[in-house]
2 protein chains.
Amino acid sequence: MATSTVENYLKQILLLSAGDDALVSMGDLAAALAVVPGTATTMVKSLASDGLVDHHLRHGVRLTAAGRRVALGVLRRHRLIETFLVEVLKMDWTEVHAEAELLEHAISDAVLDRLDALLGHPAADPHGDPIPTRLGKIDAQVYATLATCVVAQPLRIVRVTEQSGEFLQFAERNGLRPGARVRVAERDLAAGLITLKKTSGRTVALSLAAAGNILVAPAR
Amino acid sequence: MATSTVENYLKQILLLSAGDDALVSMGDLAAALAVVPGTATTMVKSLASDGLVDHHLRHGVRLTAAGRRVALGVLRRHRLIETFLVEVLKMDWTEVHAEAELLEHAISDAVLDRLDALLGHPAADPHGDPIPTRLGKIDAQVYATLATCVVAQPLRIVRVTEQSGEFLQFAERNGLRPGARVRVAERDLAAGLITLKKTSGRTVALSLAAAGNILVAPAR
DNA sequence: GGCTTTATTTTGATTAGTCAAATTCTTATC
DNA sequence: GATAAGAATTTGACTAATCAAAATAAAGCC
């Protein structure tokens, strides 16, 4: 059985490799896990000797098929738990990430399956992040972000990546949750600033960096 | 923050001290936690230096007020989780103990309070074990067991102590769950055997040791 | 192409929790 | 009250995960 430390390393490598094949640097991995780089190196070596990752010395790390399977399991648990906390326990979508971070390592498959059924087998969590299936399939659809989409077109927010409470509370305050309708009124690359127009007529300004965390699709 | 190992030691000391003041032996504690006695000694010394227990060298260990507070918190989490698994996720009361054992160390107060409210602030879990309040109060009522109660009187099962799946499945198969009505038809101390009569007319035989795990009150 | 900056890896220590086996204490028994 | 049996403790060793700081490799720059 993988320890929760191992699970966290694998999950983080999956998230940082964006999709699948990119090598993840020790620096990024260490930062994401809040450890010093030397610790990440040590741990990655041990994951490699367990066949969970390929370590390309001094160049980065990549999940093996076995590691990916474990990582997707953790992600599934995390996202189903978040959905449960919001849908059943009525917690705020801006605060459930940290809770799920703990519970994801303690919940059994038996409990998870019940939860999944209770929630009606949801395809995405409250942030719009896709939930891997029991078999490890995950929706890999690529979306534009508010930083890259076309201007003026009516849009629907599909997903808010970035789990920090601060950012999510900013999003919530401004009605920028999955499902919300907006369009980009103006994009000033020099100033690094985006101005949104909501259906209510309200405008919201945010930085390019922040806008990159909000994924959108054309309003259907 | 107490690690889950520390939480388990404290919880187990509470359970083994039956009520409050009895000293718990290292042998019993080690057996309950599935470690060798030397490990228990080492850990108890460290708990003592943190002010969570009083260690009476070579005689046993007892919780301090601080340790008791922590232990009751763990017990509350455990029992509320068991109740949730049975009441909401419709799991079998004979199998939820092991699940709760893991989740009890990972659930936050915020989530626990929501769960408690969702369940309507239950006083006991599916085994009839009393749930400590948020303030650490626990129902200390003493009940007779099927091994000690008067013969022939109509009884109501209030609680099944002993969490092993085997025992609970035996109880379930024979309708011996909290709330069930029975009376003791015969108690043969020499043979160590008890014979029960259920309201359905069915009789059930069980050993004195097994009977000691089933707590009863006069049927109201 | 040599030098500097930056990232990565290595080395040596530390902490929590554990076991096996040797030692010491308590207690019951004669 | 001495002794044997049983329980508890101590000692030495190990694993997982971590950090600080030294050593090494890679990459960029003039």
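All figures in this text were calculated on a predicted structure; none of them were measured in a lab. Numbers restart at 1 for each chain; the letters A, B, ... are given by sequence-line order, proteins then strands.
Distance from the side chain of A:His59 is smallest to D:dA27 among C:dA20, C:dT26, D:dA27. Distance from the side chain of B:Arg58 is smallest to D:dT9 among D:dC19, C:dC19, D:dT9.
Between the CG atom of B:Leu29 and the P atom of C:dT18 there is a distance of 11 Å, given to the nearest Å. Between the CG atom of A:Leu57 and the P atom of D:dA25 there is a distance of 10 Å, given to the nearest Å. Summarising the geometry, the separation between CE on B:Met43 and P on C:dA16 is reported as 9 Å, rounded to the nearest angstrom. Summarising the geometry, the separation between CE on B:Met26 and C1' on D:dT10 is reported as 14 Å, rounded to the nearest angstrom. As a whole-Å value, the separation of B:Lys45 NZ from D:dA8 P is 14 Å. Rounded to whole angstrom, the span from the CG atom of A:Leu52 across to the C1' atom of D:dA16 amounts to 15 Å. The NE2 atom of A:His56 sits 15 Å away from the P atom of D:dA26 (whole-angstrom rounding). To the nearest angstrom, C1' of D:dT15 lies 13 Å from CG of A:Asp50.
Within 4.0 Å of B:Thr3, counting heavy atoms only, lie sugar-phosphate atoms of the nucleic acid but no base atom. Counting non-hydrogen atoms under 4.0 angstrom, A:His55 reaches the backbone sugars and phosphates but no base.
Taking side-chain N and O atoms only, A:Thr41 has no distance below 4.0 Å to OP1 or OP2 of C:dT10. Distances shown here put a side-chain N or O of A:Thr5 below 4.0 Å from the OP1 or OP2 atom of D:dA17. Using a 4.0 Å cut-off, no side-chain N or O of B:Tyr9 falls inside it from OP1 or OP2 of C:dA16.
DNA chain D is contacted by both B:Gly60 and A:Thr42; B:Gly60 maps to the nucleotide lying nearer its 5′ end (nearest heavy atom per residue). Of the residues near DNA chain C, B:Ser46 and B:Gly38, the one whose nearest nucleotide (by heavy atom distance) lies more toward the 5' end is B:Ser46.
Remark: of the listed residues A:His105, A:His97, A:His127, A:His97 is the sole one forming a ring-ring contact (aromatic ring centres under 6.0 Å, His included) with A:His78.
Checked for salt-bridge contact, B:Asp116 and B:Arg134 miss the test: no charged N lies under 4.0 Å from a carboxylate O.
Inspection of the A:Glu101 and A:Asn8 side chains reveals no N or O donor paired with an N or O acceptor under 3.5 Å. A donor atom on one side chain and an acceptor atom on the other are not found under 3.5 Å apart for A:Glu7 and A:Tyr9. Checked by atom type, the side-chain pair A:Ser108/B:Glu99 shows a donor-acceptor distance below 3.5 Å.
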